[in-house]
There are 2 protein chains.
Amino acid sequence: MLRIGSSVEYATRLMVRLAAEADGATLSAERMSALENVPRDYVDQILQRLRRAGLVESRRGAQGGYKLSLEPSRITIGRIVKAVDEGVFEAVCGRYSAGDTKCSHSDGCGIRPVWERLGLFVEEYLDNVTLAELLEPELGVSARVKHLFGAER
Amino acid sequence: MLRIGSSVEYATRLMVRLAAEADGATLSAERMSALENVPRDYVDQILQRLRRAGLVESRRGAQGGYKLSLEPSRITIGRIVKAVDEGVFEAVCGRYSAGDTKCSHSDGCGIRPVWERLGLFVEEYLDNVTLAELLEPELGVSARVKHLFGAER
DNA sequence: TCAATCTTGATTAGATAGGTCAGGTATGTT
DNA sequence: AACATACCTGACCTATCTAATCAAGATTGA
Ligand code: FES
Ligand code: FES
C-alpha cells in the first residue's frame with residue numbers, strides 16, 4: 001500500500017549527497033554511484049529525472065557532473081518523490097472511466113474521501129521535510145512536521 | 001508510492017455493505033459480488049482474509065453468509081487494510097539483510113526515520129477512521145482525524 | 001584529437017497485483 | 001437420504017510494473 005521503492009530511496013540519497021557537497025561543487029554520476037552503492041546506469045536515469053524536474057543542474061564533458069539547482073532548504077522530499085515517481089498517489093476509484101459503473105459508489109461516496117485525504121496527508125508530510133533538515137540528523141525528523149502528529153506519541 | 005489497490009478498496013466496500021446491514025443479518029458472497037460489482041471469486045478470497053483477521057463471521061450452507069463480528073464503531077479502516085494487504089508499509093532500507101552493505105546509511109541515517117515516521121503517520125490516520133463513521137457520509141472524514149491535520153486547510 | 005561525462009530512448013528479467021479455477025466441506029430443506 | 005446452497009482451501013494464470021541494463025549519441029576540457 002505504501003512502498004518506498006528503490007528509485008525514491010536512491011533519489012533521496014543522491015540528493016542528500018549533493019546537498020552535503022560544500023558550495024557549488026559538482027559530483028559525477030560515476031562518483032555518486034560508488035559513494036551510494038547504486039548501479040551506475042541507474043544513477044544516470046534517476047539524475048535525469050531530477051534534472052528534468054529542475055532539482056539539479058548538470059555540466060557535461062570532462063570535470064562535469066551534477067549539483068543542486070536550489071538551496072537545500074528549498075528542496076523538499078515531496079519534490080524529489082514527485083520527480084522520480086510518477087503517480088505518487090493513486091486510488092482505484094479514480095481508475096474507472098466516467099461511464100464505467102464498476103465502482104458503484106462514485107457519487108456521494110463516503111469511502112473515497114478517506115483515500116483522498118490520505119493522499120493529501122502524505123503529500124503534506126513529504127512537503128514539510130527539506131534536504132537541509134536531513135543534513136542535521138541529530139534533529140531526527142523535522143520539527144515542522146511534528147505538529148502534524150498532534151499530541152505526543 | 002501510495003496506492004490503494006483493488007483488494008483494499010473492495011474489502012472496504014464489502015465491509016461498509018455489511019455494516020449497513022440492519023442487525024446481525026447475513027449477506028452471501030454471491031449477493032455482495034452483485035451489489036458491489038466485484039468478481040465473484042475475488043469476493044470469496046477477500047472475505048476469507050477478513051474472516052481470518054477476525055473482522056467477519058461466516059455461516060455455511062443454505063441461508064449462510066457473512067456478517068461483521070464487531071460493532072462498526074470498533075472496526076477501523078486500518079484493520080481492514082492490514083487484513084487484506086500484507087505489507088502495508090515497506091521501505092527499501094529494510095529489505096537489505098544485515099550484512100548487505102547496499103544501503104550505506106544503515107547507521108545514524110537521517111533519511112530512514114522520514115520513511116518510518118511516514119509509515120506510522122499513515123497507520124495513525126487509518127486507525128482513526130471507523131466503519132461507523134463511513135456510514136454517515138454527511139460527516140465526510142471523521143472528526144477524530146481532523147486534528148491530525150493541524151490548522152485548517 | 002581524445003577522454004571524460006552527461007543525454008536519450010529502447011529493452012529486458014523478475015516481481016507483484018488482480019483475478020481465475022478446481023475441488024472440497026458444512027448446513028438447511030425436502 | 002438426497003440435494004441445493006454457500007462457504008473454504010489452495011493452486012494457478014496473466015498483465016502490468018519495477019529495477020536495471022544496454023546502445024548510441026552529444027558536449028566539454030585538456
Ligand atoms: S467511489 Fe470508489 S469506493 Fe466509493
Ligand atoms: S538507511 Fe536507507 S536511506 Fe538511510
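Heavy atoms only: backbone and side chains are in, while hydrogens, waters and symmetry mates are out. Order of the sequence lines sets the chain letters (A, B, ...), proteins ahead of strands, with each chain counted from 1.
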Between [atom2] on [N] and [atom1] on [X], what's the gap in Å once rounded to a whole number?
| X | N | atom1 | atom2 | answer |
| --- | --- | --- | --- | --- |
| A:Ile4 | D:dT18 | CD1 | P | 13 Å |
| A:Gln48 | D:dT27 | CD | P | 14 Å |
| A:Asp44 | D:dA19 | CG | P | 17 Å |
| B:Asp41 | D:dC12 | CG | C1' | 12 Å |
| A:Asn37 | D:dA19 | CG | P | 16 Å |
| A:Glu30 | C:dT7 | CD | P | 15 Å |
| A:Ile46 | D:dT18 | CD1 | P | 13 Å |
| A:Leu2 | C:dA17 | CG | P | 13 Å |

task: Measure the acute angle between the ring planes of B:Tyr125 and A:Phe121, then classify it against the limits of 30° and 60° as parallel, tilted or perpendicular.
output: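 Ring orientation of B:Tyr125 relative to A:Phe121: tilted.
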Looking only at side-chain atoms of [X], point me to the closest of [options].
| X | options | answer |
| --- | --- | --- |
| A:Tyr66 | C:dT5, C:dT7, D:dC22 | C:dT7 |
| B:Arg40 | C:dC6, D:dC7, C:dT20 | D:dC7 |
| B:Arg3 | C:dA17, C:dT5, C:dT20 | C:dA17 |

- prompt: Any donor-acceptor pair under 3.5 Å between the side chain of B:Gln45 and the base of C:dT20?
  reply: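 For B:Gln45, whose side chain was compared with the base of C:dT20, there is a donor-acceptor pair (under 3.5 Å).
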- request: For B:Arg49, answer base if it contacts any base atom (sugar-phosphate contacts may also be present), sugar-phosphate if it contacts only those atoms, and nothing otherwise; contact means non-hydrogen atoms under 4.0 Å.
  value: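 Result for B:Arg49 = nothing.
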- prompt: NA contact type, A:Gly64, heavy-atom cut-off 4.0 Å: base, sugar-phosphate, or nothing?
  reply: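 Answer is sugar-phosphate: A:Gly64 comes under 4.0 Å of backbone atoms only.
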- prompt: Should the heavy atoms of other residues, nucleotides or ligands under 6.0 Å from CZ of B:Arg40 be counted, would the total exceed 12?
  reply: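 Yes - once you tally the heavy atoms of other residues, nucleotides and ligands closer than 6.0 Å, there are more than 12.
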field: Candidate pair A:Thr130 and A:Glu133, rule side-chain hydrogen bond (donor to acceptor under 3.5 Å, both in side chains), full reasoning
entry: CA-CA 5 Å; A:Thr130 69; A:Glu133 292 161 328; 3.2 Å; yes
- request: For B:Phe89, check ring-ring contact (aromatic ring centres under 6.0 Å, His included) against everything at least two apart and list the hits.
  value: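 None.
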field: Whether B:Asn128 side chain and B:Glu124 backbone form a donor-acceptor pair below 3.5 Å
entry: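 Looks like yes, one N/O pair under 3.5 Å.
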message: So does A:Tyr66 get a backbone contact from the side chain of A:Ser58, meaning a donor-acceptor N/O pair under 3.5 Å?
response: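 Side chain of A:Ser58 to backbone of A:Tyr66, a donor-acceptor pair under 3.5 Å: no, none is there.
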message: Which residues in residues 50-60 of chain A have a heavy atom closer than 4.0 Å to any atom of DNA chain D?
response: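 Correct list: A:Arg60.
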Please determine if a side-chain N or O atom of [X] lies less than 4.0 Å away from the OP1 or OP2 oxygen of [N].
| X | N | value |
| --- | --- | --- |
| B:Ser6 | C:dA17 | no |
| B:Arg31 | D:dT5 | no |
| A:Tyr42 | D:dT18 | no |

- prompt: So do the side chains of A:Leu70 and A:Arg79 get within less than 4.5 Å of each other, counting heavy atoms only?
  reply: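 SC-SC contact between A:Leu70 and A:Arg79 confirmed.
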message: Check this for me: does any side-chain nitrogen of one of B:Glu21 and B:Arg17 sit under 4.0 Å from a carboxylate oxygen of the other?
response: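 No salt bridge links B:Glu21 with B:Arg17.
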message: Applying salt bridge (Lys or Arg N to Asp or Glu O under 4.0 Å) to B:Asp127 and B:Lys82, what does each step give before you reach the verdict?
response: CA-CA 10 Å; B:Asp127 285 342; B:Lys82 281 167 206 152; 3.4 Å; yes
field: Given DNA chain D, 5'-ward residue of the pair B:Gln63 and A:Ala62, judged by closest heavy atom
entry: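 Checking each residue's closest nucleotide, the 5'-ward one belongs to B:Gln63.
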field: Donor-acceptor side-chain pairing of A:Arg52 and A:Gln48 below 3.5 angstrom
entry: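 Short answer, no.
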Terminal helix-axis angle for the helix from C:dT1-D:dA30 to C:dT30-D:dA1, with five pairs defining each axis and rounding to 10 degrees: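 That helix gives 10° between its end axes.
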